[in-house]
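Below is one structure, written out as structure tokens; the observations come after it.
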Amino acid sequence: MVKISTRRLDKAAILDVSGDIDLAHSTELRRVVLVEFRENRTPKVILNLVAVNYIDSSGVASLVEGLKASRDVGSRMMLVGLSPIVYEVLELSKLLKIFEIYDNEALALEA
Amino acid sequence: MVKISTRRLDKAAILDVSGDIDLAHSTELRRVVLVEFRENRTPKVILNLVAVNYIDSSGVASLVEGLKASRDVGSRMMLVGLSPIVYEVLELSKLLKIFEIYDNEALALEA
Amino acid sequence: MGRAGLLLRLELTSNPEILSVVRSAVTCLASNMGFPEADVRALTRAVDEALANVIRHAYANRPGQPIELLCRRVTERAAERRGPALEILMMDRGISVIRKKFCGRELDDVRPGGLGMHFIQNGVDVVQYSRHLRKNRLRLVKFLPVQEPEKANGKGEW
Amino acid sequence: MGRAGLLLRLELTSNPEILSVVRSAVTCLASNMGFPEADVRALTRAVDEALANVIRHAYANRPGQPIELLCRRVTERAAERRGPALEILMMDRGISVIRKKFCGRELDDVRPGGLGMHFIQNGVDVVQYSRHLRKNRLRLVKFLPVQEPEKANGKGEW
Ligand SMILES: Nc1ncnc2c1ncn2[C@@H]1O[C@H](COP(=O)(O)OP(=O)(O)O)[C@@H](O)[C@H]1O
Ligand SMILES: Nc1ncnc2c1ncn2[C@@H]1O[C@H](COP(=O)(O)OP(=O)(O)O)[C@@H](O)[C@H]1O
């Protein structure tokens with residue numbers, strides 16, 4: 001199961017994602033992130049992944065799609081709260097360098 | 001898996017138990033507790049169960065056997081760090097009242 | 001036996017180490033179906049105790065003996081109730097279950113053992129033991145909680 | 001196929017919801033066998049991605065199709081190594097696996113998808129695809145780490 005809840009700030013949205021981002025649930029994440037960029041045109045979307053227990057290749061693909069959508073509309077997508085589990089998967093995917101990753105929300109908001 | 005490590009104090013021993021106390025592993029707990037009373041004659045044995053994720057009926061039986069052994073040799077057995085999961089099982093077993101249960105180690109040591 | 005609603009079939013052997021594996025699978029399956037956490041714990045405990053009893057009593061602690069578990073989503077009709085439920089069938093080829101043994105012991109008579117049946121009865125809505133063709137079969141059923149209409153989406157779709 | 005060392009056999013259907021159930025069972029099984037945590041995660045990831053590929057590619061996302069998983073403790077003889085290992089066989093009756101499809105994509109060519117095979121290869125020591133009698137079979141093997149003699153007790157007894 002995956003839960004996504006959104007906190008709206010002035011020019012940013014923080015998505016709190018929890019659970020397992022796997023084949024059964026990565027489409028939910030993709031949908032929410034794409035709406036945020038394409039429909040809401042949110043300038044900055046911060047994904048807080050601290051409560052994510054698992055992420056598979058389809059979950060990583062959803063993050064990459066989100067990143068592309070952000071660039072298409074001139075917004076930014078950021079990742080915070082990377083647990084060792086999530087970090088390991090992004091490292092294994094050799095995708096650490098393409099994402100904007102911050103240690104916490106405050107730093108991401110300032111950036 | 002279950003892990004049991006012992007901290008020895010002046011007239012007491014604290015057993016830190018972690019993992020699952022189920023049919024595969026409750027004999028380990030029973031053995032350690034019985035040795036503590038029957039061989040070491042430790043006056044006070046405190047079981048810290050805060051890291052126990054699961055306890056089945058054989059685990060509960062081991063606790064009851066430990067309690068009986070403590071009474072046989074005039075020692076005391078105490079339980080601390082009952083997580084909701086362990087508490088629920090002792091409650092379901094109607095055994096809450098027969099054990100000496102304390103909120104933390106300090107209170108158990110003082111008692 | 002029909003395979004409709006079949007979620008998972010497990011074949012395992014009478015080794016106590018497998019208990020934790022079955023617990024984690026059942027916990028996850030029941031959570032996915034939408035059971036609340038306390039129900040998931042109670043169901044998992046019932047399955048665990050039932051499996052432990054098969055290992056200890058039906059197989060007298062002999063390792064390597066076959067056990068089968070079938071998990072199905074069913075529409076159950078019990079005494080007063082009807083609705084979607086999780087059914088777990090547990091099959092073994094061990095010593096026949098003798099009906100009278102299944103009287104739960106007096107709980108106030110505190111002593112080691114005797115709690116297993118109590119945990120099983122407490123954790124599920126239906127407990128049925130039967131024996132056919134040298135196979136013991138235990139049927140455990142737990143009803144899904146009745147959902148308020150506005151909440152009844154997304155969960156338990158399979 | 002011999003049943004020696006059989007730890008667990010799972011029958012499931014091609015529904016993505018089952019992935020989390022299989023992950024939790026495999027994680028627990030591998031931990032019980034004594035694999036270190038990082039190895040457990042890598043193995044679980046490999047099994048999960050392989051199962052996801054069966055659902056997506058072999059069965060083209062059609063739900064309800066049969067998948068079988070066999071987990072065995074074996075003594076594996078791979079290229080340079082020999083020793084105790086966990087073998088996981090995954091069987092399906094879907095579209096034939098075409099060998100040339102299994103070239104991992106270029107990782108530096110960043111785009112959605114294509115990582116699954118990389119995660120599978122990374123997570124286990126042996127990956128073998130085969131097809132017999134209309135059944136696709138994927139064989140994954142992961143070696144248990146070599147134990148220092150003084151540590152080699154209590155763990156992985158089955
Ligand atoms: N699967 C089974 N096969 C045979 N006998 C069983 C089985 N399950 C339970 N029993 C019998 O029922 C009794 C009560 O079981 P239980 O409440 O679990 O307590 P305990 O197993 O500690 O005695 C057992 O002692 C055993 O004689
Ligand atoms: N079990 C399978 N059956 C058939 N084809 C498969 C299977 N697994 C992988 N493939 C093929 O290999 C390709 C690469 O797989 P993978 O690395 O997991 O990335 P992706 O699935 O995202 O394309 C797939 O696109 C598919 O064509």
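Order of the sequence lines fixes the chain letters, A, B, ..., with proteins taken first and strands second; residue numbering starts at 1 for each chain. All of these numbers come straight from a predicted model, not from anything done at the bench.
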Any side-chain heavy-atom pair from [X] and [Y] closer than 4.5 angstrom?
{"X": "D:S24", "Y": "C:T27", "result": "no"}
{"X": "C:R9", "Y": "D:R9", "result": "yes"}
{"X": "D:I18", "Y": "C:L29", "result": "yes"}

Hey, could you give me the [atom1]/[atom2] distance between [X] and [Y], rounded to the nearest 0.5 Å?
{"X": "C:E11", "Y": "D:E11", "atom1": "CD", "atom2": "CD", "answer": "6.5 Å"}
{"X": "C:E17", "Y": "D:C28", "atom1": "CD", "atom2": "SG", "answer": "9.0 Å"}
{"X": "D:L12", "Y": "C:C71", "atom1": "CG", "atom2": "SG", "answer": "11.0 Å"}
{"X": "D:L69", "Y": "C:L10", "atom1": "CG", "atom2": "CG", "answer": "10.5 Å"}

Quiz item: Closest approach of C:V21 and D:A25, non-hydrogen atoms and distance?
Solution: CG1-O, 3.7 Å
Quiz item: Which heavy atom in C:T13 sits nearest to a heavy atom in D:L6, and how many Å separate them?
Solution: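 It is OG1-O, 4.4 Å.
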